[in-house]
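For reference, the structure is listed below as structure tokens.
Just so we're clear, the structure is a prediction, and the values are computed from it rather than from any experiment. As a basis for the values below, the full set of heavy atoms in this structure was taken, side chains included, without hydrogen atoms, waters or symmetry mates.
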Amino acid sequence: MSQVEVRQIGHVAATPVAKTMTANGRTQNKTLVTVISNSRWKDPQGKVSEKATAISWTLWGKVAVNASWHLDVGSKVAVVGTLEGNRYTGKDGKEVFGFNFTARSVEYLESKDDAEARRNRRANSASEHEPKPARSAGRKTSRSPASAKEA
């Protein structure tokens with residue numbers, strides 16, 4: 001049986017988190033990464049249309065650990081892997097069809113400087129939207145951590 005190979009270039013939609021799983025006495029690292037790709041085209045009348053495609057990839061082993069360390073929301077990547085169809089009967093008794101995408105490799109398509117600049121922009125944007133703590137009208141007092149425990 002031959003496998004279907006899939007290649008996707010896009011941006012990471014959510015921060016990947018690695019999980020360690022143990023099955024049959026064997027420990028494996030697993031990470032789920034959702035990548036979104038945008039397609040743009042013009043119809044015969046010249047109107048521009050756009051469509052986004054999101055694929056949730058399962059990464060295993062060292063690829064999974066590296067992705068959890070280096071990828072963040074917005075990271076540009078190229079993912080290559082395989083596609084498998086699956087079929088099962090749902091709780092309601094109906095047959096459900098789906099696909100599993102398993103990544104074999106992840107290529108990081110942005111430089112460290114670009115990634116750092118993106119993270120800084122996000123941090124600055126988040127700090128602008130956070131409510132600033134209200135200042136108390138009374139005089140300022142400072143306490144050491146020890147005196148705070150006593151109070």
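- In this structure, Asn24 places its CG atom where only 12 or fewer heavy-atom neighbours from other residues, nucleotides or ligands lie under 6.0 Å away.
- Every residue two or more places apart in sequence or in another chain was checked for a side-chain hydrogen bond (donor to acceptor under 3.5 Å, both in side chains) with Ser49, and none qualifies.
- Screening residues 23-54 for ring-ring contact (aromatic ring centres under 6.0 Å, His included), with sequence neighbours left out, gives no hits.
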Please tabulate, for side-chain N and O atoms in residues 4-22, each donor-acceptor pair with protein atoms closer than 3.5 Å (sequence neighbours left out).
from  : atom 1 : to     : atom 2 : distance (Å)
Glu5  : OE1    : Arg104 : NH2    : 2.8
Gln8  : OE1    : Trp57  : NE1    : 2.7
Gln8  : NE2    : Val35  : O      : 3.0
Gln8  : NE2    : Ser37  : OG     : 3.1
Thr15 : OG1    : Asp72  : OD1    : 3.2
Thr20 : OG1    : Asn29  : OD1    : 3.1

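- Trp69 belongs to a hydrophobic cluster whose remaining members, ordered by chain and number, are Val65; membership requires side-chain heavy atoms of ILVMFWY residues under 4.5 Å apart, directly or through intermediates.
- Taking every heavy atom of both residues into account, Trp60 and Thr58 meet most closely at NE1-CG2, 3.4 Å.
- Among residues two or more places apart in sequence or in another chain, the salt bridge (Lys or Arg N to Asp or Glu O under 4.0 Å) test is passed with Glu110 by Arg118.
- For Ala52, the side-chain contact (heavy atoms from CB on, under 4.5 Å) partners two or more places apart in sequence, or in a different chain, are Ile36, Asn38.
- Within the structure, the salt bridge (charged side-chain N to carboxylate O under 4.0 Å, His left out) test picks out the following pairs touching residues 30-48 (sequence neighbours left out): Arg40-Glu50.
- Going from atom CZ of Phe99 over to atom CD1 of Ile55 covers 10.5 Å, rounded to the nearest 0.5 Å.
- Put simply, CG on Leu32 and OG on Ser68 are 11.5 Å apart, with the number rounded to the nearest 0.5 Å.
- Applying the side-chain hydrogen bond (donor to acceptor under 3.5 Å, both in side chains) criterion to Thr102, with sequence neighbours excluded, gives no partner residue.
- Note on residues 54-68: no pairs pass salt bridge (charged side-chain N to carboxylate O under 4.0 Å, His left out), not counting sequence neighbours.
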Atom pairs and distances, side-chain donor-acceptor, residues 77-90, under 3.5 Å, sequence neighbours left out:
from  : atom 1 : to     : atom 2 : distance (Å)
Asn86 : OD1    : Gly98  : N      : 3.2
Asn86 : ND2    : Asn100 : OD1    : 3.4
Arg87 : NE     : Glu95  : OE2    : 3.2

